[in-house]
Amino acid sequence: MKTTILYGKSNVEVDLPEQSVLIEPKNIDPLEDHVTAIRTALNNPIGSEPLQDMVSANQTVSIVISDITRPTPNHILVPLLIETLAHVPLENFVIINGTGTHRDQTREELVQMLGEDIVSKVKIVHNHCNDKDTLKKVGHSQYGCDVYLNKDYVESDFKIVTGFIEPHFFAGFSGGPKGIMPGIAGIETIMTFHNAKMIGDIRSTWGNMQDNPVQNMTREINAMCKPDFMLNVTLNKEKAITEVFAGELYEAHDKGCEYAKAHAMFKCDERFDVVIASNSGYPLDQNLYQTVKGMSAAHKVVKEGGSIIMLSECSDGYPNHGNYAEILKMADSPQGLVDMISDPNFAMLDQWQVQKQAVIQTFADVYLYSKLSDQQTKDAMLHPVHNINETLKALEDKYGKDMTIGVMPLGPLTIPYVES
């Protein structure tokens with residue numbers, strides 16, 4: 001059975017045993033005319049007045065976008081928002097790149113994300129979570145931290161958040177409120193949002209919006225300085241738009257999550273000895289940090305003591321932000337990392353991603369097919385893969401001729417589960 005698995009900006013074809021099980025969401029055709037669909041959604045939003053009726057010409061307007069690690073079609077959404085608000089002068093707009101703790105984008109990357117026309121004519125700022133001068137306090141969270149958000153956003157008269165909705169490994173679903181928190185938040189707020197207790201809570205998982213502490217915190221913080229309007233989309237495996245959700249933040253996001261969940265869930269009869277997974281290809285598989293999302297999806301259906309084979313290009317290697325690589329070297333085993341991060345006195349940027357990864361590695365072996373060097377892969381306590389079929393042959397020696405294999409060609413675009 002030949003299977004095409006998303007990898008970087010292309011894919012990898014893998015020849016698998018016929019009994020392998022394909023784990024992927026329902027195929028969704030793209031909208032025939034996504035431009036018309038977006039215009040219609042902006043004029044007939046969910047739980048809100050039409051966008052153009054909500055903004056006066058003399059108001060300042062902030063548009064929050066997701067950064068380059070997300071496949072949000074900003075180049076489509078942002079121009080249509082500005083077109084709808086054509087009565088507002090361009091100098092009244094500010095686009096805020098929701099980098100969270102990630103690096104700034106280069107001008108070339110911004111052009112890739114937004115188009116030359118927007119980059120040349122509209123003010124763009126990056127969120128700098130460590131720079132208090134660019135942040136403003138908006139309240140105090142019940143989860144135990146002061147809340148700081150980007151000053152350009154807070155001080156704008158009308159606030160718009162964009163994004164796309166997909167399953168998320170600890171917030172339930174992405175999009176909506178996550179564009180603001182952690183997208184444009186300060187470091188203290190982000191660290192609380194990602195602390196070991198929040199990330200380790202059993203309710204902080206794929207597809208769960210019910211009493212999920214991570215999702216609850218992001219919604220609490222959004223309410224302190226709420227976006228006036230949301231524009232989100234859902235995407236298929238080609239990153240084409242399948243549906244549009246616009247309007248009041250919570251109501252429109254809930255509708256989008258319902259839609260995404262209906263198409264993304266995949267029931268497996270049992271767990272597998274081996275799960276082969278992508279990280280949804282570019283841009284999500286740009287670095288090892290992001291690859292943890294694919295590992296987490298595979299973790300849902302691999303047997304304890306089983307093996308996960310990740311295909312993730314990691315063209316940017318380790319991320320050049322935060323302490324992810326440093327933390328990985330601070331213990332000599334995945335369990336050691338879990339124990340260290342679980343200590344209430346431990347607090348370092350990116351600990352949440354290492355925590356998620358280490359928990360998976362205490363449950364199953366993780367192999368990685370990527371552009372990383374063998375040493376970089378081993379430094380993360382992962383097993384390097386150069387030939388997928390040779391790796392499968394070696395694993396067959398471990399698990400036997402009846403080895404079961406699950407394949408996730410689209411990675412975390414799918415929410416696999418086993419009823420227990």
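None of the values given here were measured: they were computed from a predicted structure. Keep in mind that the numbers below use all heavy atoms, side chains included, and drop hydrogens, waters and symmetry copies. Position 1 is the first residue of the sequence, and the numbers go up from there.
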Visitor: If you draw a 6.0 Å radius around CG in D397, do more than 12 non-hydrogen atoms from other residues or ligands fall strictly inside?
Guide: yes
Visitor: Suppose we screen for ring-ring contact (aromatic ring centres under 6.0 Å, His included). Which residues come up paired with H263, at least two apart in sequence or across chains?
Guide: Y259
Visitor: Please check this pair: side chain of H140 against backbone of C145, looking for a donor-acceptor N/O pair closer than 3.5 Å.
Guide: yes
Visitor: Are any of the side-chain heavy atoms of C268 and I23 separated by less than 4.5 Å?
Guide: yes
Visitor: What pair of heavy atoms forms the shortest contact from N74 to S66, and how long is it?
Guide: ND2-O, 3.4 Å
Visitor: When you compare the side chains of E13 and T3, does any donor N or O come within less than 3.5 Å of an acceptor on the partner?
Guide: no
Visitor: Taking the side chain as C-beta and beyond, is there a heavy-atom pair between Y367 and V274 under 4.5 Å?
Guide: no
Visitor: Other residues, nucleotides and ligands only: do more than 12 of their heavy atoms fall within 6.0 Å of NZ on K239?
Guide: yes
Visitor: Please say whether the positively charged group of K267, taken as NZ for Lys or CZ for Arg, lies over the ring of Y417, i.e. under 6.0 angstrom from the six-membered ring centre and within 45 degrees of the axis.
Guide: no
Visitor: I'd like to know if the side chain of Q351 and the backbone of M348 have a donor-acceptor N/O pair within less than 3.5 Å.
Guide: yes
Visitor: For R219, what residues pass the side chain to side chain donor-acceptor pair (under 3.5 Å) criterion, not counting sequence neighbours?
Guide: Q215, H253, D254
Visitor: Looking at CG of L288 and OH of Y324, how far apart are the two atoms once the value is rounded to the nearest 0.5 Å?
Guide: 3.5 Å
Visitor: Could you check whether any side-chain N or O of T242 sits under 3.5 Å from a backbone N or O of I28, counting only pairs where one atom can act as donor and the other as acceptor?
Guide: no
Visitor: With Q286, which residues qualify under side chain to side chain donor-acceptor pair (under 3.5 Å), at least two apart?
Guide: none
Visitor: Mind checking side chain to side chain donor-acceptor pair (under 3.5 Å) for E270 and listing every partner two or more places apart, or none if nothing turns up?
Guide: none
Visitor: Which class fits the ring pair Y7 and Y369: parallel under 30°, tilted 30 to 60°, perpendicular over 60°?
Guide: tilted
Visitor: Does some side-chain heavy atom of P71 sit less than 4.5 Å from a side-chain heavy atom of L235?
Guide: yes
Visitor: Please give me the minimum heavy-atom distance between D29 and N27, naming the atom from each residue.
Guide: OD1-ND2, 4.0 Å
Visitor: Would the distance check show the side chain of K261 and the main-chain N or O of G207 forming a donor-acceptor pair, the cut-off being under 3.5 Å?
Guide: yes
Visitor: Does S278 reach the main-chain N or O of I5 with its side chain, forming a donor-acceptor pair under 3.5 Å?
Guide: no
Visitor: When you measure from the side chain of N279 to the backbone N and O of Q290, does any donor-acceptor pair fall under 3.5 Å?
Guide: yes
Visitor: Do P409 and L22 have side chains that approach each other closer than 4.5 Å (heavy atoms only, starting at C-beta)?
Guide: yes
Visitor: Side-chain contact test, heavy atoms from C-beta onward, threshold under 4.5 Å: evaluate it for V138 versus Y148 and give yes or no.
Guide: no
Visitor: Mind checking what makes salt bridge (Lys or Arg N to Asp or Glu O under 4.0 Å) contact with D316, not counting sequence neighbours?
Guide: none
Visitor: Tell me which one of V366, V338, L328 satisfies side-chain contact (heavy atoms from CB on, under 4.5 Å) with Q357.
Guide: L328
Visitor: Report yes or no: is the cationic atom of K159 (NZ for Lys, CZ for Arg) closer than 6.0 Å to the six-membered ring centre of Y153, at no more than 45° off its axis?
Guide: yes
Visitor: Mind checking salt bridge (Lys or Arg N to Asp or Glu O under 4.0 Å) for E248 and listing every partner two or more places apart, or none if nothing turns up?
Guide: K226
Visitor: Closer than 4.0 angstrom, basic N to acidic O: yes or no for D133 and K151?
Guide: no
Visitor: Using 4.0 Å as the upper bound for N to carboxylate O, is an ion pair formed by K393 and E396?
Guide: yes
Visitor: Side chain to side chain donor-acceptor pair (under 3.5 Å) with S62: which residues, sequence neighbours excluded?
Guide: S156
Visitor: Report yes or no: do D201 and S204 form a side-chain donor-acceptor pair below 3.5 Å?
Guide: no
Visitor: Would the distance check show the side chain of T391 and the main-chain N or O of V385 forming a donor-acceptor pair, the cut-off being under 3.5 Å?
Guide: no
Visitor: Please check if the number of heavy atoms outside E32 that lie under 6.0 Å from its CD is greater than 12.
Guide: no
Visitor: Which donor-acceptor pairs under 3.5 Å do the side chains of residues 295-313 make with protein atoms, sequence neighbours left out?
Guide:
| from | atom 1 | to | atom 2 | distance (Å) |
| --- | --- | --- | --- | --- |
| S296 | OG | W206 | NE1 | 3.0 |
| K303 | NZ | D273 | OD1 | 3.2 |
| S307 | OG | Y399 | OH | 2.8 |
| S312 | OG | T291 | OG1 | 2.7 |
| E313 | OE2 | K371 | NZ | 3.2 |

Visitor: Heavy-atom count check: over 12 atoms from other residues, nucleotides or ligands less than 6.0 Å from D343 CG?
Guide: yes
Visitor: Within a strict 4.5 Å, meaning less than it, do heavy atoms of the L149 and L135 side chains meet?
Guide: no
Visitor: As an exercise, state the distance from CG of L395 to CD1 of I276, rounded to the nearest 0.5 Å.
Guide: 9.0 Å
Visitor: So, the side chain of T234 versus the backbone of I241: is there a donor-acceptor pair under 3.5 Å, distance only?
Guide: no
Visitor: With the threshold set at 4.0 Å, does a side-chain nitrogen-carboxylate oxygen contact exist between D374 and K378?
Guide: no
Visitor: Would you mind checking if K132 and E188 are paired as a salt bridge, meaning a charged N to carboxylate O distance below 4.0 Å?
Guide: no
Visitor: I'd like to check the salt bridge (Lys or Arg N to Asp or Glu O under 4.0 Å) partners of D365; sequence neighbours left out, ordered by chain and number.
Guide: K398
Visitor: On a heavy-atom basis, which atom in S141 and which in M217 lie closest, and how many Å separate them?
Guide: OG-CE, 4.1 Å
Visitor: Within the 4.5 Å heavy-atom criterion, are D67 and Q105 side-chain neighbours or not?
Guide: yes
Visitor: Under the ring-ring contact (aromatic ring centres under 6.0 Å, His included) test, which residues partner F93, sequence neighbours left out?
Guide: none
Visitor: Take atom CG in N389; do more than 12 heavy atoms of anything else shown fall under 6.0 Å from it?
Guide: yes
Visitor: Write down the atom of N208, the atom of R203, and the distance for their closest heavy-atom approach.
Guide: ND2-O, 2.8 Å
Visitor: Does a side chain donor of either N216 or E220 reach within less than 3.5 Å of an acceptor in the other side chain?
Guide: no
Visitor: Give a yes-or-no answer on whether the side chains of N97 and T99 include a donor-acceptor pair shorter than 3.5 Å.
Guide: no
Visitor: I'd like to know if the side chain of S120 and the backbone of E116 have a donor-acceptor N/O pair within less than 3.5 Å.
Guide: yes
Visitor: With rounding to the nearest 0.5 angstrom, report the CG to CD1 distance, L249 to I46.
Guide: 11.5 Å
Visitor: Between Y318 and Q376 (side chain of the first, backbone of the second, donor and acceptor by atom type, cut-off under 3.5 Å), is there such a pair?
Guide: yes
Visitor: Which heavy-atom pair separates L413 from K237 by the least distance, and what is that distance?
Guide: CD1-CA, 4.2 Å
Visitor: For Y250, which residues count as a ring-ring contact (aromatic ring centres under 6.0 Å, His included) partner, sequence neighbours excluded?
Guide: none
Visitor: Answer yes or no: does atom CD of E108 have more than 12 heavy-atom neighbours from other residues, nucleotides or ligands under 6.0 Å?
Guide: no
Visitor: Between V147 and K137, is there a side-chain heavy-atom distance shorter than 4.5 Å?
Guide: no
Visitor: In a table with atom names and distances, give each donor-acceptor pair under 3.5 Å that connects a side chain of residues 165-185 to protein atoms at least two apart or in another chain.
Guide:
| from | atom 1 | to | atom 2 | distance (Å) |
| --- | --- | --- | --- | --- |
| H168 | ND1 | F170 | N | 3.2 |
| H168 | ND1 | A171 | N | 3.0 |
| S174 | OG | F164 | O | 3.0 |
| S174 | OG | E166 | N | 3.0 |
| S174 | OG | E166 | O | 3.3 |

Visitor: Checking side-chain contact (heavy atoms from CB on, under 4.5 Å) against E109, which of V119, I68, D104, L114 comes through?
Guide: I68
